[in-house]
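To start, the structure itself, in structure tokens.
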Amino acid sequence: MSNIPDLASLHAMGAAQQPTYPDATAVDSAVATLRNLPPLVFAGECDDLTAKLAAVTRGEAFLLQGGDCAETLAGVTADNVRNKLRVLLQMAVVLTYAASVPVVKVGRLAGQYAKPRSNDTETRMLPGGKSVTLPAYRGDAVNGYDFTPESRVPDPQRLVDVYNASAATLNLVRAFVTGGYADLRQVHTWNTDFVRESGAGKKYEQLAGEIDRALTFMTAIGADPVEFHRVDFHSSHEALVLEYEHAMTRIDSRSNQPYDVSGHFVWIGERTRQLDGAHVELLSHIRNPIGVKLGPTTTADQALALAAKLNPTNEPGRLTFITRFGAGKIRDGLPHLVEKVTAEGIQVAWVCDPMHGNTFEASSGYKTRSFDDVLEEVQGFFDVHRSLGTWPGGLHVELTGDDVTECVGGGEALRDEDLAHRYESVCDPRLNRVQSLEMAFLVAEMLRKA
Ligand code: PEP
Ligand code: CO
């Protein structure tokens with residue numbers, strides 16, 4: 001790993017959003033353990049994803065990336081993983097039909113355990129009126145969610161736990177997507193059940209019927225391609241904790257190139273995308289396909305500089321820009337960025353994260369998002385790209401396959417008062433199963449108007 005900076009050099013760059021570990025020896029020991037563990041993904045699979053994202057960059061495919069804001073160790077159960085996968089597969093079928101191009105399926109899973117935070121500390125008012133301030137929860141990769149001093153101390157052993165949890169998740173996902181669970185007819189049947197059985201689904205009967213006829217036709221002519229029975233599914237997460245990502249960066253024996261084998265795709269968050277920062281530096285050395293989140297304050301010069309540093313050979317598929325402007329800002333803010341980047345001939349896939357610019361605190365105190373704002377940002381994203389003649393390459397969504405109550409609105413018309421009913425996210429609010437499926441059908445309608 002000659003040209004990859006060592007961990008100490010990365011930290012010396014003033015790495016943002018890192019845990020403050022109390023015990024350096026324990027960190028060294030966890031990192032040494034991780035360095036010896038096998039890769040979670042194979043470098044050749046990362047290259048396959050790069051090729052698929054190159055098709056997205058060319059306007060020949062659409063990306064669907066989704067999953068929890070923050071995975072938890074306790075959430076690694078068969079039901080939880082299966083439900084998330086199922087809703088993503090259901091969304092992908094609807095989007096594939098509407099977009100008439102392949103949908104590249106990427107989970108925010110098997111590694112999405114570390115969170116950047118706006119504040120280093122969290123203050124809560126305890127019963128009796130005493131206010132207590134503790135280190136912020138930074139994801140299960142770093143510390144515990146329980147609001148106690150012991151739980152909030154960063155523990156490097158958690159990085160090893162996260163590796164094991166990610167291995168278990170990925171193992172189950174691989175079994176599901178190749179072992180028959182992802183059968184296209186089966187996935188379509190789940191969609192028709194949704195349309196038939198849920199009040200929110202009724203509106204989408206026509207589209208579901210069209211897909212049904214297309215599948216029946218394929219069967220009638222005797223077509224039975226392998227793609228009907230298995231799908232490609234990739235893992236992704238924010239590359240945040242340097243110890244974890246550095247320890248999982250290995251030289252691929254085929255190509256002699258470094259890959260971060262903690263996931264197929266890793267991205268740099270809005271808070272860690274400093275051009276001279278440690279995260280941009282580390283990811284500039286790996287060969288995985290990578291993403292960068294771009295918020296509303298991003299200047300065109302920053303985007304160009306990031307592209308120059310992260311993708312100096314301008315290889316399509318290597319770099320994805322995930323914009324997260326907010327529903328109120330995307331129509332004014334995005335055109336300039338896209339225009340400049342396009343004018344410079346930069347090869348990049350443009351993907352919309354309609355979640356992170358639309359978070360607010362409900363009067364009940366819960367962090368939430370409105371389904372309408374989320375859809376409005378997606379519509380703005382499509383409109384901007386359409387007017388510029390560029391390809392709206394995909395969606396990056398926080399969602400779950402369970403019937404949680406974290407985002408307001410949608411066909412079930414979830415209200416502020418409903419949030420307490422089943423609010424389970426330890427970080428940002430996710431679309432629930434029904435809201436996610438509705439989003440797929442609504443985005444399908446936007447795609448068909450393209
Ligand atoms: C996230 O994806 O959960 C996140 C923190 O996003 P951003 O970096 O865009 O704020
Ligand atoms: Co989030």
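Numbers here are sequence positions counted from 1.
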Mind running side-chain hydrogen bond (donor to acceptor under 3.5 Å, both in side chains) on Thr219 and Arg185 for me, showing each step along the way? CA-CA 10 Å; Thr219 308; Arg185 290 215 141 263; 3.2 Å; yes
Run Arg287 and Glu315 through salt bridge (charged side-chain N to carboxylate O under 4.0 Å, His left out) and show every step you take. CA-CA 11 Å; Arg287 295 298 306 143; Glu315 178 198 356; 2.9 Å; yes
Evaluate side-chain contact (heavy atoms from CB on, under 4.5 Å) for Phe321 paired with Thr298, printing each intermediate quantity in order. CA-CA 11 Å; Phe321 279 154; Thr298 316; over 6 Å; no
Evaluation steps, side-chain hydrogen bond (donor to acceptor under 3.5 Å, both in side chains), between Asp416 and Ser364: CA-CA 7 Å; Asp416 189 355; Ser364 56; 2.6 Å; yes
Assess whether ring pair (Phe, Tyr, Trp, His ring centres under 6.0 Å) is satisfied between Trp190 and Tyr181, documenting all intermediate values. CA-CA 12 Å; Trp190 293 326; Tyr181 190 73; 5.0 Å; yes
Residues Asp403, Arg422; criterion salt bridge (charged side-chain N to carboxylate O under 4.0 Å, His left out); working and verdict: CA-CA 8 Å; Asp403 297 327; Arg422 192 170 167 194; 5.4 Å; no
Verify side-chain contact (heavy atoms from CB on, under 4.5 Å) between Phe147 and Tyr137, making sure each step is shown before the conclusion. CA-CA 8 Å; Phe147 195 69; Tyr137 170 65; over 6 Å; no
Passes side-chain contact (heavy atoms from CB on, under 4.5 Å), Asp418 versus Glu412? Steps please. CA-CA 11 Å; Asp418 300 320; Glu412 300 168 310; over 6 Å; no
Evaluation steps, side-chain contact (heavy atoms from CB on, under 4.5 Å), between Gln18 and Leu242: CA-CA 8 Å; Gln18 298 307 291; Leu242 294 173; 3.5 Å; yes
So Asp161 and Arg158, salt bridge (charged side-chain N to carboxylate O under 4.0 Å, His left out) or not? Walk me through it. CA-CA 5 Å; Asp161 298 342; Arg158 285 177 167 274; over 6 Å; no
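Aromatic ring orientation, Phe265 versus Trp267: tilted (interplanar angle from 30° to 60°). Taking the six-membered ring for Trp and thresholds of 30 and 60 degrees, Trp391 and Phe62 have ring planes more than 60 degrees apart, a perpendicular arrangement. Using cut-offs of 30° and 60° for the angle between ring planes, the Tyr204 and Phe194 rings count as parallel.
Counting only N and O atoms by type, the side chains of His356 and Glu398 include a donor and acceptor under 3.5 Å apart. Ser9 and Asp6 are linked by a side-chain donor-acceptor pair at a separation below 3.5 angstrom, with hydrogens and angles left out of the test. Using a 3.5 Å distance cut-off with no hydrogens or angles, the side chains of Asn288 and Asp260 do not pair a donor with an acceptor. Side-chain contact, His396 with Arg108: a donor N or O sits under 3.5 Å from an acceptor N or O.
Screening Leu207, Val94, Asp212, Leu89 against Asn191 for a side-chain contact (heavy atoms from CB on, under 4.5 Å) leaves a single residue, Val94.
Salt-bridge annotation for Arg174 and Glu45: present, with a side-chain N of the basic residue lying under 4.0 Å from a carboxylate O of the acidic one. Ionic pairing of Glu122 and Arg117 is not present here: no N-O contact between side-chain nitrogen and carboxylate oxygen is shorter than 4.0 angstrom. Between Asp428 and Arg369 there is a salt bridge, with a side-chain nitrogen of the basic residue lying less than 4.0 Å from a carboxylate oxygen of the acidic one. A salt bridge does not link Lys293 to Glu238: none of the charged nitrogens lies less than 4.0 Å from a carboxylate oxygen. Contact check on Glu281 versus Lys309 returns a salt bridge, with a Lys/Arg side-chain nitrogen under 4.0 Å from an Asp/Glu carboxylate oxygen. Salt bridge present: Asp252 and Arg254 bring a charged side-chain N and a carboxylate O closer than 4.0 Å. Residues Arg138 and Asp120 are paired through a salt bridge, judged by an N-O separation under 4.0 Å between the basic side chain and the carboxylate.
Within the 4.5 Å cutoff, no side-chain heavy atoms of Met218 are placed close to those of Leu184. Side-chain contact between His285 and Asn3: present, with at least one pair of heavy atoms (C-beta onward) separated by less than 4.5 Å. Using a 4.5 Å heavy-atom threshold, the side chains of Met439 and Leu399 count as separate. By the 4.5 Å heavy-atom criterion applied to side chains, Leu172 and Arg82 are not counted as neighbours. With contacts defined as side-chain heavy-atom distances shorter than 4.5 Å, the pair Ile268/Leu310 qualifies. Side-chain atoms of Ser235 and Leu170, non-hydrogen and from C-beta on, do get closer than 4.5 Å to each other. No side-chain heavy atom of Tyr145 sits under 4.5 Å from any side-chain heavy atom of Thr72. No side-chain heavy atom of Leu63 sits under 4.5 Å from any side-chain heavy atom of Leu395.
Put simply, the side chain of Gln17 never gets that close to the backbone of Arg271: no donor and acceptor are under 3.5 Å apart. The closest donor-acceptor contact from the side chain of Arg230 to the backbone of Gly180 lies at 3.5 Å or more, if one exists at all. Looking at Glu377, its side chain does come within 3.5 Å of a backbone N or O of Gly326 through a donor-acceptor pair. At distances below 3.5 Å, at least one donor-acceptor pair connects side-chain atoms of Ser151 with backbone N or O atoms of Gly144. Listed for the Lys52 side chain is no donor-acceptor partner under 3.5 Å among the backbone atoms of Pro102. When atom types are taken as modelled, the side chain of Asp146 and the backbone of Thr148 share no donor-acceptor pair closer than 3.5 angstrom. Thr121 places no side-chain N or O within donor-acceptor distance of the main-chain N or O of Thr133, the cut-off being under 3.5 Å. A donor-acceptor pair under 3.5 Å links the side-chain atoms of Asn143 to the main chain of Ala136, judged by distance alone. A donor-acceptor contact shorter than 3.5 Å links the side chain of Glu71 to the backbone of Gln112. One N or O on the side chain of Asn432 and one on the backbone of Val434 form a donor-acceptor pair closer than 3.5 Å.
The two residues Val266 and Glu245 make their nearest non-hydrogen contact at CG1-OE1, 4.4 Å. Considering every non-hydrogen atom in both Tyr97 and Ala214, the closest pair reads CE1-CB, 4.1 Å. Closest approach of Val87 to Ser436, counting heavy atoms only: CG2-CB, 3.8 Å. Pro38 approaches Met248 most closely through the heavy-atom pair O-CE, 4.1 Å. Heavy-atom minimum distance, Asp140 versus Leu73: OD2-N, 2.8 Å. Across every non-hydrogen atom of Leu64 and Val103, the tightest pair is CB-CG1, 3.8 Å.
Atom CG of Leu49 is separated from atom NE2 of His234 by 4.5 Å, given to the nearest 0.5 angstrom. Rounding to the nearest 0.5 angstrom, the gap separating the NE2 atom in His246 from the CD1 atom in Ile286 is 11.5 Å. If you take NE2 on His264 and CG on Leu53, they are separated by 11.5 Å, rounding to the nearest 0.5 Å. Here Leu375 contributes atom CG and Gln435 contributes atom CD; the two are 10.0 Å apart, rounded to the nearest 0.5 Å.
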